[in-house]
Amino acid sequence: MRFDDNRLLPLLLGEHNAHLHYIEDILNVSIAHRGNELAIKGKAKDAKLAEVVLEMLWDKARRDQDISVGEVDAAIRFARGEKDHKPGTDSSSFFDEKAGFKVGSNKVVSPRSHNQKAYIEAIKKHDMVFGIGPAGTGKTFLAVAAAVEMYKAGEIDRMIFTRPAVEAGEQLGFLPGDLLEKIDPYLRPIYDALHELMPGEEVTKKMEKGDIEIAPLAFMRGRTLKNAFVVLDEAQNSTAMQMKMFLTRMGEGTRMVITGDPTQTDLPSGAVSGLKEAMTILQSVNEVAFIHFDESDVVRHKLVSKIINAYNTYEFRGSGKS
């Protein structure tokens with residue numbers, strides 16, 4: 001393969017050729033780099049996949065968009081074709097600005113799996129979307145990215161992020177400070193996503209101004225949320241009453257995204273999860289979209305999906321023995 005712009009090659013190759021090494025490891029090929037040429041060696045099918053992956057990444061580099069190992073992993077997923085999708089079908093479109101969320105002049109948050117692509121499309125088309133599945137599938141991060149894009153485009157006035165403050169095997173009482181300081185650790189994943197998508201100083205200023213609000217779910221009671229993008233994270237830990245309360249806060253010009261994993265509920269024994277109940281009650285409402293993720297959508301370190309599979313296998317065997 002020959003590439004015509006040496007200035008962009010570092011984006012494609014990665015630091016110390018990290019992107020090439022990742023492709024070699026996953027696709028079982030070897031890639032030799034010399035000047036502006038790459039030579040791929042391996043089984044015909046694997047070599048072709050590597051070629052498609054590199055073409056996809058080069059297309060992204062030509063748009064002056066950042067490329068991380070995450071994007072390399074995404075390109076491999078799309079080139080292979082997951083589940084019922086055909087390999088390489090419109091693969092480059094997954095890295096197009098229209099397929100993702102533009103959160104900066106040269107920063108586009110692109111889908112990294114087919115379910116993520118469906119999730120992004122649903123958020124753009126529907127006022128209310130449920131993202132359901134295991135940790136690491138990008139549910140919360142993509143919802144925050146959507147909020148940032150719409151805020152910067154002037155489509156909404158505020159970004160509101162909330163989570164139930166349920167004690168997941170911990171006790172709030174031992175934590176120092178007032179109530180807000182005690183619940184801060186529960187909201188930290190949202191802070192992390194915001195700081196990855198926006199400069200830290202900008203996040204602080206927007207919070208002081210009230211354009212960004214991060215609060216526990218209980219603080220939503222009695223409010224009507226207008227012209228806002230609202231994200232309820234870890235929704236499996238909301239009670240049925242809390243979920244109904246939250247969903248009915250929706251006002252004019254507001255979008256809502258609800259994320260959670262029904263299999264990871266930290267509610268007291270016997271309590272009904274608001275997420276599980278909403279999935280049943282709202283399934284016939286056409287204006288509400290439900291996107292389901294699974295282990296194949298995990299976009300964290302490649303070990304995470306293997307860990308999830310290992311635990312699922314262990315739990316399945318354990319239930320069989322009992």
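Atom set for the values below is all heavy atoms of this structure, side chains included, hydrogens, waters and symmetry mates excluded. Predicted, not measured: the structure shown is a model, and the values here were computed from it.
A heavy-atom distance below 4.5 Å is found between the side chains of Tyr22 and Ile76. For the pair Phe101 and Ile120, the minimum side-chain heavy-atom distance is below 4.5 Å. Annotation: side chain of Val231 is not in contact with side chain of Thr162 (no heavy-atom distance under 4.5 Å). Counting heavy atoms from C-beta on, the side chains of Tyr151 and Phe229 never come closer than 4.5 Å. Residues Leu13 and His21 are not in side-chain contact: their nearest non-hydrogen atoms beyond the backbone lie 4.5 Å or more apart. Within the 4.5 Å cutoff, no side-chain heavy atoms of Pro10 are placed close to those of Glu15. Between Asp192 and Glu196 there is no side-chain heavy-atom pair separated by less than 4.5 Å. Residues Lys60 and Ser110 are in side-chain contact: their nearest non-hydrogen atoms beyond the backbone lie under 4.5 Å apart.
Ring pair Phe78/His114: centre-to-centre distance below 6.0 Å. You'll find the ring centres of Tyr191 and Phe161 outside the 6.0 Å limit.
A salt bridge is absent between Lys43 and Asp46: the closest approach of a Lys/Arg side-chain nitrogen to an acidic carboxylate oxygen does not fall below 4.0 angstrom. By the 4.0 Å N-to-carboxylate-O rule, Arg223 lies close enough to Glu213 to be salt-bridged with it.
Hydrophobic clustering (side-chain heavy atoms under 4.5 Å, transitive across Ile, Leu, Val, Met, Phe, Trp, Tyr) groups Leu232 together with Ile281. Both Val69 and Leu9 are members of a single hydrophobic cluster when ILVMFWY side chains are connected at heavy-atom separations under 4.5 Å. Using a 4.5 Å cut-off between side-chain heavy atoms of Ile, Leu, Val, Met, Phe, Trp and Tyr, with links allowed through other members, Met1 and Leu12 fall into the same hydrophobic cluster.
Taking every heavy atom of both residues into account, Gly138 and Gln116 meet most closely at CA-NE2, 3.8 Å. Residues Met198 and Val203 come closest through the heavy atom pair CB-CG2, 3.8 Å. Of all heavy-atom pairs spanning Pro134 and Thr137, the tightest one is O-OG1, 2.9 Å. In this structure, Val109 and Ala145 approach most closely via the heavy-atom pair CG2-CB, 4.0 Å. Among all heavy-atom pairs drawn from Arg62 and Leu8, the shortest one is CA-CD1, 3.7 Å. Minimum heavy-atom separation, Leu57 to Ala75: CD2-CB, 4.0 Å.
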Problem - Lys102 and Glu149: CA distance, side-chain angles, deciding distance, salt bridge (Lys or Arg N to Asp or Glu O under 4.0 Å) verdict - result: CA-CA 6 Å; Lys102 188 173 183 179; Glu149 181 193 65; over 6 Å; no

Practice task
Before giving the answer on side-chain contact (heavy atoms from CB on, under 4.5 Å), spell out for Asp73 and Arg112 the whole-Å C-alpha distance, their side-chain angles and the decisive distance to 0.1 Å.
Solution key: CA-CA 7 Å; Asp73 184 65; Arg112 296 185 180 179; 5.8 Å; no

Problem - Worked verdict on Leu11 versus Trp58 for side-chain contact (heavy atoms from CB on, under 4.5 Å) - result: CA-CA 8 Å; Leu11 283 175; Trp58 183 246; over 6 Å; no

Handout entry: From CA spacing to verdict: side-chain contact (heavy atoms from CB on, under 4.5 Å), Met128, Glu287
Key = CA-CA 7 Å; Met128 183 177 291; Glu287 292 84 358; over 6 Å; no

Practice task
Determine, stepwise, if the pair Leu282 / Met279 fulfils side-chain contact (heavy atoms from CB on, under 4.5 Å).
Solution key: CA-CA 6 Å; Leu282 301 178; Met279 290 167 62; over 6 Å; no

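The distance from the OG atom of Ser238 to the CD atom of Glu277 is 9.5 Å, given to the nearest 0.5 Å. Rounding to the nearest 0.5 Å gives a distance of 8.0 Å between CG of Asn286 and NE2 of His126. In this structure, the separation between CD1 on Ile132 and CZ on Phe293 is 9.5 Å, given to the nearest 0.5 Å. Residue Ile23 holds its CD1 atom at 11.0 Å from CG of Leu49, rounded to the nearest 0.5 Å. We find the CE-CG distance between Met243 and Leu247 to be 5.5 Å, quoted to the nearest 0.5 Å. Put simply, CD on Glu234 and CG on Leu217 are 12.0 Å apart, with the number rounded to the nearest 0.5 Å.
A donor-acceptor contact under 3.5 angstrom links the side chains of Ser68 and Glu71, judged on distance only. In this model, a donor atom of one side chain and an acceptor atom of the other lie less than 3.5 Å apart for Asp297 and Ser113.
In this structure, the salt bridge (Lys or Arg N to Asp or Glu O under 4.0 Å) partners of Glu121, at least two apart in sequence or on a different chain, are Lys117. For Lys48, the salt bridge (Lys or Arg N to Asp or Glu O under 4.0 Å) partners at least two apart in sequence or on another chain are Glu51. A search for salt bridge (Lys or Arg N to Asp or Glu O under 4.0 Å) contacts involving Asp211 returns Lys209, not counting sequence neighbours. In terms of the salt bridge (Lys or Arg N to Asp or Glu O under 4.0 Å) criterion, Asp157 has no residue partners (sequence neighbours excluded).
Listed for the Ser273 side chain is a donor-acceptor partner under 3.5 Å among the backbone atoms of Leu275. At least one donor-acceptor pair closer than 3.5 Å links the side chain of Lys124 to the backbone N or O of Gly100. Asp266 contributes no side-chain N or O that, together with a main-chain N or O of Asn237, makes up a donor-acceptor pair within less than 3.5 Å. Side chain of Lys152 to backbone of Val103: a donor-acceptor contact under 3.5 angstrom is found.
The list of side-chain hydrogen bond (donor to acceptor under 3.5 Å, both in side chains) pairs with a residue in residues 27-42, not counting sequence neighbours, reads Arg2-Glu37.
Taking the ring centre of Phe246 as origin, the terminal cationic atom of Arg249 falls outside the region bounded by 6.0 Å and 45° from the ring axis.
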Please output the side-chain donor-acceptor pairs of residues 251-262 that fall under 3.5 Å, not counting sequence neighbours, one pair per line with the distance.
residue, atom, partner, partner atom, Å
Thr254, OG1, Leu225, O, 2.6
Thr254, OG1, Asn227, N, 3.2
Thr254, OG1, Ala228, N, 3.3
Arg255, NE, Asp127, OD1, 3.2
Arg255, NH1, Ile123, O, 2.9
Thr259, OG1, Asp233, OD1, 2.6
Asp261, OD1, Thr263, N, 3.0
Asp261, OD1, Thr263, OG1, 2.7
Asp261, OD2, Thr263, OG1, 3.2

